[in-house]
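This report refers to the structure that appears directly beneath it.
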Amino acid sequence: MIELEKVYNPKAVEDRWYKFWEEKGFFHAEPSGSKKPYCVVIPPPNITGILHMGHALNNTIQDILIRFKRMQNFETLWMPGTDHAGIATQNVVERKLLEKGARRQELGREKFLEEVWKWRDEYGSTIIKQLKKLGCSCDWARTRFTMDEGLSEAVLEAFIRLYDKGLIYKGDYIINWCPRCQTALSDEEAQHKDIEGMLYYIKYPIKKVTSNQKPVTRKKKTQDSSLKTQGYIVVATTRPETMLGDVAIAVNPKDKRYKNLKGETIILPILNRELVVIFDPLVDAKFGTGALKVTPAHDPVDFRLGLKHKLKPINVMNPDATINENGGEFNGMGRFEAREAILEDLKGSKLFVKLEPHRHSVGHCYRCHTMIEPRLSAQWFVRMKPLAKRAIEVVEKGRIKFFPTRWTKVYLSWMENMRDWCVSRQIWWGHRIPVYYCKNCLGQRTENRKQKTEDNAGIIVSKIKPEKCPDCGGTDIEQDPDVLDTWFSSWLWPFSTLGWPKDSPELKYFYPTSSLVTAQEIIFFWVARMIMAGLEFMKDIPFRGIYIHGTVRDDTGTKMSKSLGNIIDPLDMIEKYGTDALRFSIISITAQGQDVFLSESKFERGRNFANKIWNASRFILMNLKAEEIDVDLCAFFKAMKLGLADRWILSRFYATLTAVEKFLESYRFNDAAGAIYEFFWHEFCDWYIEMSKAEIQSKAKQVILYKILEKSLRMLHPFMPFITEEIWQGIPHEGDSIMIQKWPHIQGQMISREAESDMAAVIELVSAVRNMRADWNIDPAMQVDILINAPGKGLQGLLAENLTSIKNLARVGNLTVGEMDKPAGSAAVVLANAIDLFMPLEGLIDARKEASRLSGQLKKIGQEASSISGRLKDKNFLTKAPMEVVEKTRAKLKELKERQGKLEDNLKTLKL
RNA sequence: GGGCGCAUGGCGCAGUUGGUUAGCGCGCCACGUUGACAUCGUGGAGGUCAUAGGUUCGAACCCUAUUGCGCCCACCA
């Protein structure tokens, strides 16, 4: 028998076992006829990522599922990989090049991409290495990257299929534009943040040409007299710089204040452009002055108004958000600089009215946090409505289920209101859009500008560059310079990684996958789109269950992020506490779907538990004899008459196992971890091991200690893979590794109510003696005598049978069981089942103190008894409550009355 | 503006079909180094389950409203 080291050293064993598992090929899964498939979808971390607590939580959960299912004999595939994170990666590499003084634009597209690939080869797998440290049992041989050949092929295929179905189109719309990254972003990539902005009120003069000109006045009295200015209309805006692109003033048709504005012409201050007045219900009469300046090129609402009222947009900004030549004297200024200059100008010409603080929500780039500038530009879009329809159905019909269920509603309401997806990005790193333009055809088109998007002449959608234009035969062909949104490749992940568009065996076997485990932040970006893509391209759902876990926050509740510096680095925690401790800790504090508030001290729980497992195992191993435990379990159970503790711990083990399985199946990981923790520590260690010490050499104890330990290790393995492997390898075992052992089989017949309630009586008794010792301040080294007055042979038998254990656990010298009266000068306590416990302490007992102790007990019991008897007198309760509840309550009252009576007797003898 | 989540002993949290005495970890107090474990053991103190109503024989749990905190979504110029 191997002896375990005195202290468990995680670092010493983790790498070794991980390599062992990997080399043995235990992580690998193949389509197999004999086993059922089980596959989880791993959210591909982006290649610029480093492991943070969110990843640690997410991947621990997935690894628990995977290891659990693997042990249950499923063919388990956990396919890892990374996505190329177009914008993020391009930013990182650009910054890196800039340090060397090189700029992307100067390098040129090809050279730059070479640099990105170089960077990716060097750093892109950091996160993969870190996942290995976490113990993740991914099939690394199948690692995929969204820019791999196969996955890129899938992207082009998907684009072309959608285009052919008319689900992809190019058009001029207002999109979210990041002036720093200089690219379009999807709606999801624009993160809205509340900011303290200003609402600026500006006078726009009314042109006085018409004969019936009347000054405009506000009918409604306001305290702000400045708004009454005649000959002007006052508008309110948060972005005065966009006024350079104004083409109209809009008011609500029902707004009586402005009805006489019909047919008037407004003069745009500074640029002196003539603006028309339009009437549209879209304008909220209650906001600001009720008059809206219309800038179709720089605001989504204005853009819609523009389309509706046939206004020609004027773009006044360059891609970097500086003012362009349309901005007159402000040409070249940055957007905020221009804002100040314009305000100065307006103040100078007395057209500035006032400003007031205005809190509103503004989009920011999710990669660089720069304020988004809504911008009119030509982009590629995916039509979402037709895709969303089926994705809504499969969730409504329950084919895909969210855990916790509340996310269903969030998902559905988002899906129902989704707008078309802008998929083109003005960057270089990514899948280049498979669209080619014939310059000849396009040249003709510009002459006839109206056709624009309706006419596809000159647009060739193709995986490879066409030799010549199919329309005109021209050879002057150029590919669209833009690339696709990274999510356009990620949304294909569940099947593109399995070989799609090829019809691979993997695809057939593992698709649809089983579970998706992810964070709430990513539902819209990724989860919803995977469902749409799966239904569109595979004609089937991508996964059946979606488990949304909480967000990891620090102990003040703020989301952990590098910029805030409130990061707890999982790798540091692994270094300090060990991987298993990290995994167990984080899983046990994560209630289903609730956010996780983390502080470093929380990892102590896992570490302490690992330590406990280690020491208990060490103790068992020290006392185990190999020849004793080499038995056939069935024969053993037939031959052996097991004691109460043995039957109890077996019952508790199988009850725990049942609960753990149930919890894992329903994504209740903290409950599963809690059940194991409670069982192993507070039942197996605190009671069974302690009770077995006296007769540890006996056959029964040898076998059961070994079996419970071995099975517990298997039950624990998905949670704490390393320590369980290390110990398992040290005890007698068959097979190469615990990770490919069978998950313990539930033996329902071993679960015994009787054993559990009998044991509860013993535990109560031992606790009571300990309690009395503490109350009387008795030296723990000193043995006490205990007399037990137990009515009925059954109880006496039970206690007699466990005499040794009770004596040892409670440090009792003489223990007498029988029927007796309370000896004089003894302390007493009354237990359930009307058991009296007397502790004769001649000379030590202070009658007054004992009396107050007893009356304390009496008071507690009395209160309880009276509340219960009150309930039992209630006619409604008796008639309406279920019989079993009434019976139970009656039994309880009877029991309490008995105890009450006994306590009173005890008190009486004391006073006499 | 819409939606969601959370309020339970000093702190952090469990508590899934409403049913005896509301649990756990940390912290606290007392005692303890009995050969697995001080990353430990034994015992203990500490809660009118945010507030106000309602449903019910019975509510931490279901319903309504209120307050506080947090999050998500939104074309709040």
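Bear in mind that the values here come from a model prediction, so they are computed numbers and not experimental data. The chains referred to below are lettered A, B, ... by the order of the sequence lines, with proteins before strands, and numbering in each begins at 1.
A cation-pi arrangement is absent between A/K11 and A/F722, since the terminal nitrogen or guanidinium carbon is not both under 6.0 Å from the aromatic centre and inside a 45° cone about the axis. Annotation: cation-pi geometry not satisfied between A/K401 and A/W407 (NZ/CZ under 6.0 angstrom from ring centroid, within 45° of ring axis).
Proximity of A/K880 to the phosphate of B/C57: a side-chain N or O atom is located under 4.0 Å from OP1 or OP2. Using a 4.0 Å cut-off, no side-chain N or O of A/K693 falls inside it from OP1 or OP2 of B/U34. For B/C75, one of the phosphate oxygens OP1 or OP2 lies less than 4.0 angstrom from a side-chain nitrogen or oxygen of A/R419. When the side-chain nitrogen and oxygen atoms of A/H682 are compared with OP1 and OP2 of B/G25, one or more of them lie within a distance under 4.0 Å. Within the structure, a side-chain polar atom (N or O) of A/K6 is placed less than 4.0 Å from OP1 or OP2 of B/C37.
Within the shown strands, nothing qualifies as a pairing partner of B/G58 under the Watson-Crick or G-U definition with both distances less than 3.5 Å. In this structure B/C76 sits in no base pair that meets the Watson-Crick or G-U test at under 3.5 Å. Of all nucleotides present, none satisfies the Watson-Crick or G-U wobble test against B/U21 with each distance under 3.5 Å. Pairing for B/U64 goes to B/A52, judged as Watson-Crick or G-U wobble with the two contacts each under 3.5 Å. Partner assigned to B/C40 is B/G32, using Watson-Crick or G-U wobble distances below 3.5 angstrom.
Within the nucleic acid shown, A/T889 has no heavy atom closer than 4.0 Å to any nucleic acid atom. No engagement by A/E604 is indicated, since no non-hydrogen atom pair under 4.0 Å with the nucleic acid exists. Residue contacts shown for A/L878 are absent, as no nucleic acid heavy atom lies under 4.0 Å away. Across all strands shown, A/T237 has heavy atoms under 4.0 Å from sugar-phosphate atoms exclusively, and none from any base. Using a 4.0 Å heavy-atom distance criterion, A/N777 is classed as making no nucleic acid contact.
Aromatic ring pairs are classed by plane angle as parallel below 30°, tilted from 30° to 60° and perpendicular above 60°; the pair A/Y677 and A/F609 is tilted.
Residues A/F287 and A/H358 place their aromatic rings such that the two centres sit under 6.0 Å apart. Between A/F584 and A/F603, a ring centre-to-centre spacing not shorter than 6.0 Å is recorded.
Of the two residues contacting RNA chain B, namely A/W687 and A/S601, the nearest-nucleotide position lying further toward the 5' end is that of A/S601. Toward the 5' end of RNA chain B, the nearer of the two residues A/F287 and A/N615, judged by each one's closest nucleotide, is A/N615.
Proximity of A/I708 to A/F679: side-chain heavy atoms (C-beta onward) are separated by under 4.5 Å at one or more points.
Near RNA chain B, meaning a heavy atom under 4.0 Å away, the residues from residues 291-305 of chain A are A/A291, A/L292, A/V301, A/R304.
Other residues, nucleotides and ligands place more than 12 heavy atoms under 6.0 Å from the NZ atom of A/K308.
Atom pair A/N876:CG and B/U55:P shows a separation of 14 Å (rounding to whole Å applied).
Side-chain N/O atoms of A/Y411 and A/E416 include no donor and acceptor closer than 3.5 Å.
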